[in-house]
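Read the structure below first, then the notes.
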Amino acid sequence: MTETSLDRWTNKTAVLLLPLFFFASPINAACYIEGASVRLSNKCALEMLDGKTIDVNTAERIDRKLKEEGISAGLGFPSLGNANSVSKIIYPILSYSDNVNGGVPPEPLFGRWTPLEGTIRKDGVVAGFGLGVSGRYIYDEGRYLSYGVNASYAYSPQHRIGVAKTTANVCSVNHVKNWWYVDLCANSFRVRKDLTDSINSNLSIKSSKVFESNDGVYSEASFGINRYFAESYSQNQLMFGYDTIHSNGVFSALNITFGESVENELTTKFSVQGRVSAKLVNKPLTLTASYSKADGGVILGVDRSDNTYSVNVTYPIWRNFSATLGYRATDSTIGIYSVRTPTFGIQFVPIEF
């Protein structure tokens, strides 16, 4: 295959690293940070190390990350292992759900139709565990397949009911030229509760460009088209993203989605999510805020539209788990669908086996 500009850059850099000086390097902390894609972190690391001396551990990590992205030369190290990988994980689950059973609001619809007792939604803490298998297969220079399958079960002791989730995903990641990428992805998500069993899927194509936007600032801009499949309808969506590693070590991300209208279906018309991660006491503190507008729904001849706002903060409490605290509010034109609820969750570091 014809050598790409990224290949030429890394091969050139490998020559600079042959002596392997043992100086401490800030590259790992500055580039491989919470939330950033590996390709964006690699761009940051390669630019920062150009012409510099770095320690062996840093050089080996960058070499490994490049090879995981399908850049076979890496930094010129002998292979440290097979870049193709399969990993199996198990992880605990502990979170709060505002609708454990998949029920409906307790208030009478339009003040007239009272829901049956067994159909009212229930909230509470759920706990359980999940299992997953993921991997990648590199089939060409700068090109690989990533895939994963996950299943989890969480139980509410208060209500004696459970929530089962299964997910599956596959992506074809392709470096085209000069830090341009094209990704084709598909995923499916199923949630089974006491009263509901929902399945939705996505099929998307996305193009992205990684570049140095300012001195010491590295960004990834993306644009894509997504086909969203729900049980009763499908919808076309446009996706825009802009991720940045700032020179002060802060990571930020902005993602915007526009969705087409679907007759008589409540669908996402617009959504925006912003995320910022920064180090606090040498641990990543992540703040996420989002807004979405959905409309097009019709219930008994009455139009429904929802505006949903959320904010969350995530921080590693201990080396094996992080805590997320937040709040979500939905304002609906049909009052019973207006919701105010806290959000809470504990994310445990998966155990590989």
Step-by-step side-chain contact (heavy atoms from CB on, under 4.5 Å) determination, Tyr242 to Ser213: CA-CA 11 Å; Tyr242 197 86; Ser213 52; 4.0 Å; yes
Interatomic distance, Ile334 atom CD1 to Leu109 atom CG [nearest 0.5 angstrom]: 6.5 Å
Can you name the closest pair of heavy atoms from Ile71 and Glu141 and give their distance? CA-OE2, 3.5 Å
Is it true that Ser305 and Asp303 share a donor-acceptor pair across their side chains at a distance under 3.5 Å? no
Give the intermediate values and the outcome of side-chain contact (heavy atoms from CB on, under 4.5 Å) for residues Leu266 and Tyr337. CA-CA 12 Å; Leu266 183 70; Tyr337 295 106; over 6 Å; no
What disulfide (SG to SG under 2.5 Å) pairs are there with at least one residue in residues 190-225, not counting sequence neighbours? none
side-chain contact (heavy atoms from CB on, under 4.5 Å), that's the test. Do Ile89 and Ile351 meet it? Break it down for me. CA-CA 5 Å; Ile89 60 170; Ile351 301 170; over 6 Å; no
Does a sphere of radius 6.0 Å around CD in Glu231 hold more than 12 heavy atoms from other residues, nucleotides or ligands, not counting ones at 6.0 Å or beyond? yes
With Asp215, which residues qualify under side-chain contact (heavy atoms from CB on, under 4.5 Å), at least two apart? Glu212
Hydrophobic cluster identity match, Val163 and Ile93, side-chain contacts under 4.5 Å: no
Shortest non-hydrogen separation from Ala45 to Ile62 and the atoms involved: CB-CD1, 3.8 Å
If you look only at pairs with a residue in residues 111-127, which of them pass as a side-chain hydrogen bond (donor to acceptor under 3.5 Å, both in side chains), with sequence neighbours excluded? Tyr96-Asp123
Applying disulfide (SG to SG under 2.5 Å) as the test, list every pair that has at least one member in residues 143-188; sequence neighbours left out. Cys171-Cys185
Give a yes or no answer on whether the side chain of Asn99 reaches the backbone of Gly103 with a donor-acceptor pair at less than 3.5 Å. yes
Side chains of Leu75 and Glu60: closer than 4.5 Å at any heavy-atom pair? no
For Tyr137, the hydrophobic cluster (side chain heavy atoms closer than 4.5 Å, chained through members) also holds Tyr139, Leu145
With sequence neighbours excluded, what pairs up with Ser271 under the side-chain contact (heavy atoms from CB on, under 4.5 Å) test? Thr257, Thr268, Ser292
Asn255 (side chain) donor-acceptor with Ala253 (main chain) under 3.5 angstrom: no
To the nearest 0.5 Å, tell me how far Ser261 OG sits from Asn236 CG. 11.5 Å
Between the side chains of Arg227 and Asn202, does any donor sit under 3.5 Å from an acceptor? no
According to a 4.5 Å side-chain heavy-atom criterion applied to Ile, Leu, Val, Met, Phe, Trp and Tyr, with indirect links allowed, do Phe251 and Leu287 form part of one hydrophobic cluster? no
Restricting to side-chain contact (heavy atoms from CB on, under 4.5 Å), what partner residues turn up for Phe189, sequence neighbours left out? Lys165, Thr167, Val191, Asn200
Asn307-Asp331 side chain donor-acceptor pair, cut-off 3.5 Å: no
Do you see a donor-acceptor pair shorter than 3.5 Å between the side chains of Thr314 and Thr286? no
side-chain contact (heavy atoms from CB on, under 4.5 Å) partners of Ser134, counting only residues at least two apart: Ser87
Can you name the closest pair of heavy atoms from Tyr144 and Glu69 and give their distance? OH-OE2, 2.8 Å
Shortest non-hydrogen contact between Ala36 and Ile245, atoms and distance: CB-CD1, 4.0 Å
Could you tell me whether a side-chain N or O of Lys283 sits under 3.5 Å from a main-chain N or O of Trp318, the two making a donor and an acceptor? no
Phe129, CZ: over 12 other non-hydrogen atoms inside 6.0 angstrom: no
Could Glu47 and Lys43 be called an ion pair, given the rule that one side-chain N must be under 4.0 Å from one carboxylate O? yes
So for atom NZ, which belongs to Lys193, do other residues, nucleotides or ligands contribute more than 12 heavy atoms lying within a distance under 6.0 Å? yes
Is the positively charged end of Arg39 above the ring of Tyr181, judged by distance under 6.0 angstrom from the centroid and angle within 45° of the axis? yes
Between Val126 and Ser95, is the side-chain contact (heavy atoms from CB on, under 4.5 Å) condition met? List the steps. CA-CA 6 Å; Val126 296; Ser95 64; 3.5 Å; yes
Pairwise distance NZ(Lys67) to OG(Ser72) - rounded to 0.5 angstrom: 8.5 Å
If you link I, L, V, M, F, W and Y whenever their side-chain heavy atoms are under 4.5 Å apart, who else ends up in the same group as Val276? Val250
Going by atom types only, do Thr308 and Thr330 share a side-chain donor-acceptor pair under 3.5 Å? yes
Ring pair (Phe, Tyr, Trp, His ring centres under 6.0 Å) against Tyr327, all qualifying residues, sequence neighbours excluded: none
Connecting only ILVMFWY residues whose side-chain heavy atoms lie within less than 4.5 Å of each other, what is the rest of Tyr228's hydrophobic cluster? Tyr233, Val262
Could you measure the distance from the NE2 atom of His175 to the CG atom of Asp183? Nearest 0.5 Å is fine. 11.5 Å
For the student: nearest non-hydrogen atoms of Pro284 and Glu34, plus distance: CB-CB, 3.7 Å
Check for me, please, whether Leu325 and Phe321 land in the same ILVMFWY cluster - side-chain distances under 4.5 Å, paths through other members count. yes
Check the hydrophobic clustering (I, L, V, M, F, W, Y; side-chain heavy atoms under 4.5 Å; chains of links allowed) and say if Met239 and Leu184 are grouped together. no
Should the pair Asp306-Arg304 be classified as a salt bridge under the 4.0 Å nitrogen-to-oxygen rule? yes
Could you state the interatomic distance from CG (Leu280) to CG (Asn282), rounded to the nearest 0.5 Å? 9.0 Å
Between Tyr91 and Phe348 (judged by ring centroids, cut-off 6.0 Å), do the two rings come close enough to count as a pair? no
Look only at the side chain of Arg136 and the backbone of Glu68, and say whether a donor-acceptor pair between them is shorter than 3.5 Å. yes
Ion pair present between Arg275 and Asp243, side-chain N to carboxylate O less than 4.0 angstrom? no
Would you list the pairs meeting disulfide (SG to SG under 2.5 Å) in which at least one residue belongs to residues 294-353, sequence neighbours left out? none
Taking Asn174 for its side chain and Val182 for its backbone only, find out whether a donor-acceptor pair lies under 3.5 Å. yes
Scanning both residues in full, the closest heavy-atom pair of Gly124 with Val100 reads N-CG2, 3.8 Å
Would you please say whether a donor-acceptor pair under 3.5 Å links the side chains of Ser208 and Ser222? no
Would the number of heavy atoms belonging to other residues, nucleotides or ligands and lying under 6.0 Å from CG of Asn248 be above 12? yes
Note: Arg160-Asp194 ion pair, threshold 4.0 Å (strictly below): no
Starting at CD1 of Ile205, measure out to CZ of Phe223 and round the result to the nearest 0.5 Å. 10.0 Å
Tyr32 reachable from Leu40 in the ILVMFWY side-chain graph, under 4.5 Å edges: yes
Using 30° and 60° as the class limits, which term best fits the ring planes of Tyr155 and Tyr153: parallel, tilted or perpendicular? parallel
